[in-house]
Amino acid sequence: MLKIHNTLSRDKQDFIPIEPNKVRMYVCGMTVYDYCHAGHARVMVVFDMVYRWLKASGYDVTYVRNITDIDDKIIKRAAENNESIHALTQRFIDAMHEDERALGVLAPDHEPRATQFVPQMLEMIAQLEQNGMAYRAADGDVNYAVRKFPGYGKLSGKSLEDLRAGERVDVADSKHDPLDFVLWKHAKESEPAEVKWESSWGPGRPGWHIECSAMASEILGRHFDIHGGGADLQFPHHENEIAQSEGAHQCQFVNYWMHNGFVRVDNEKMSKSLGNFFTIREVLKKFDAEVMRFFILRAHYRSPLNYSDMHIDDAKSALTRLYTALKDVPPSLPIDAIQIDWDVPAAKAFKVAMDDDFNTPEAMAVLQGLAKEINISKSRDVANLLLALGGVLGLLQQPPIRFLQGGERIVATLHLTAPAPTLEARGEALDIDALIEARAAAKQAKNFAEADRIRKELLAAGIVLEDSAAGTTWRRA
RNA sequence: GGUGCGAUAGCAAAGCGGUUAUGCCCCGGAUUGCAAAUCCGGUUAGCCCAGUUCGACUCUGGGUCGCACCUCCA
């Protein structure tokens with residue numbers, strides 16, 4: 001039985017879907033005005049893992065992850081770049097999709113863009129106004145009246161009093177309550193036509209929070225199973241989503257709220273505002289994308305995750321161990337042909353871990369255990385299981401040799417880039433196969449000094465040789 | 001100030017009221033021409049103070065420290 005930590009109740013609960021065998025899930029995606037950073041990578045990978053596990057558990061899953069393509073920051077950035085909103089957002093949507101593909105993140109079933117759902121948002125705002133929960137302020141904005149929603153604060157565990165006590169910003173006078181938030185922003189002269197929509201409250205554009213409420217209910221219905229996002233969205237974004245959706249529809253919005261922990265740098269949250277972020281593409285220049293994915297899944301999704309090159313290197317070593325086992329004992333079947341027998345102890349342990357609020361660190365330990373078993377028994381059945389369970393997490397799906405030898409650079413003749421001080425300096429290409437052959441000849445002639453010299457030369461270029469009965473193979477250090 | 005979360009070995013990170021987490025690093029051994037990989041074994045734990053218990057890293061209470069949210073943020 002799958003248990004999920006529900007932010008709403010702050011404990012683990014048995015997961016019971018609204019409709020048997022079906023799961024409807026919504027995750028807050030990116031605001032597309034810049035490249036995604038490691039923090040975004042975590043949301044993508046974590047909920048991709050959730051999506052995969054739900055499917056592996058036999059559920060028919062509908063996964064929606066939205067794109068916010070209209071927002072203050074987007075307007076500002078487009079103006080700075082002297083670029084249209086659409087050109088800017090499309091550029092970063094494309095970049096985001098590239099990052100996701102690299103990280104092994106499956107496409108969600110729906111990827112709605114806010115700008116495509118403005119009519120639904122307007123409809124919802126009208127419903128809220130009709131229910132007496134929205135009002136038109138003096139400045140022309142339409143606001144949500146938090147006082148009118150009795151459950152306000154139930155997700156974040158805050159009372160209106162607590163929230164007001166902590167109010168740290170000057171409040172617009174036009175709001176009835178400092179915590180009221182904008183549903184519809186009236187258009188400003190300075191803004192481009194591209195961000196103005198007609199409405200019964202005059203031209204304007206939607207507030208951020210209403211976007212998700214409208215997209216989620218339009219695609220998944222007014223009441224669905226799982227809603228996810230980063231921990232920072234808990235308040236106010238998700239709190240406001242509840243207020244909007246339940247205020248408009250008068251029924252429960254979401255059964256299970258899931259929030260992933262932050263990526264940190266030097267023990268501080270990685271964020272745009274702090275400026276301490278690394279974009280996904282920066283990281284992928286240094287590491288295989290699968291290492292990044294592995295690094296993220298090595299921690300529990302709700303724990304903080306410290307980012308540093310050292311920690312990613314650590315993850316790389318651990319993942320290398322798994323791939324080494326698969327290289328030495330190749331699975332006998334392709335992934336699609338492997339039927340996982342969940343009664344096998346290791347598979348069972350994996351399932352128990354995953355069913356316990358997606359305990360991927362524990363599941364990873366099972367994979368390491370399988371690697372050891374493979375190394376000892378050389379069992380191809382066990383290799384099949386490792387490949388299959390890895391696949392459930394979106395891992396271990398490259399040919400081992402490709403991972404170990406460095407991605408696309410599988411060709412025997414390498415034009416080395418970064419880690420090749422000696423050869424690089426001479427601008428030479430390194431013919432690994434030829435050097436391995438030369439070394440084999442030297443070994444044959446018992447010229448170990450020469451053999452070792454060649455090995456050292458390759459090592460200096462980041463190439464590790466491994467001799468075995470079957471011959472010599474190489475991998476990247 | 002309010003609210004919430006956390007503190008595990010050199011590093012990272014889980015479970016668990018009593019039995020090896022796991023990975024990386026380190027040490028010894030096997031193997032190897034020497035290495036690498038692999039295997040066998042080993043060293044390093046549970047912030048502090050009380051309490052509950054036959055027994056606590058695990059439960060309870062009190063500290064201390066850290067982080068997050070309360071403002072756009074994954």
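Below, chains carry the letters A, B, ... as their sequence lines are ordered, and counting in each starts from 1.
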Need one value for A:Gly39: base, sugar-phosphate or nothing, where a base atom within 4.0 Å counts as base even if backbone is also close, heavy atoms only. base

Can you check whether A:Ser303 has a side-chain N or O nearer than 4.0 Å to OP1 or OP2 of B:A14? yes

Roughly how far, to the nearest 0.5 Å, is CE of A:Met121 from CH2 of A:Trp184? 8.5 Å

Report the distance from atom CZ of A:Arg65 to atom P of B:A74, rounded to the nearest whole Å. 13 Å

Taking CG from A:Asp313 and P from B:C25, how many angstroms apart are they, rounded to a whole number? 11 Å

A:Arg455 (side chain) and B:A35 (base): donor-acceptor pair under 3.5 Å: yes

Whether A:Trp257 and A:His259 hold their rings parallel, tilted or perpendicular, with breakpoints at 30° and 60°: parallel

Angle between ring planes, A:His227 versus A:Tyr26, binned at 30° and 60°: parallel, tilted or perpendicular? tilted

Nearest heavy atoms of A:Ser271 and A:Asn276, plus distance in Å: N-OD1, 3.0 Å

Rounded to the Å, how far apart are A:Met30 CE and B:A74 P? 7 Å

To the nearest Å, give me how far apart NE2 (A:His311) and P (B:G23) are. 18 Å

Check RNA chain B for consecutive Watson-Crick or G-U pairs with both distances under 3.5 Å and list the runs of at least three as stems. B:1-7 with B:64-70, B:10-12 with B:22-24, B:26-30 with B:38-42, B:47-51 with B:59-63

Spacing of A:Asn306 atom CG and A:His311 atom NE2 [to the nearest 0.5 Å]: 6.0 Å

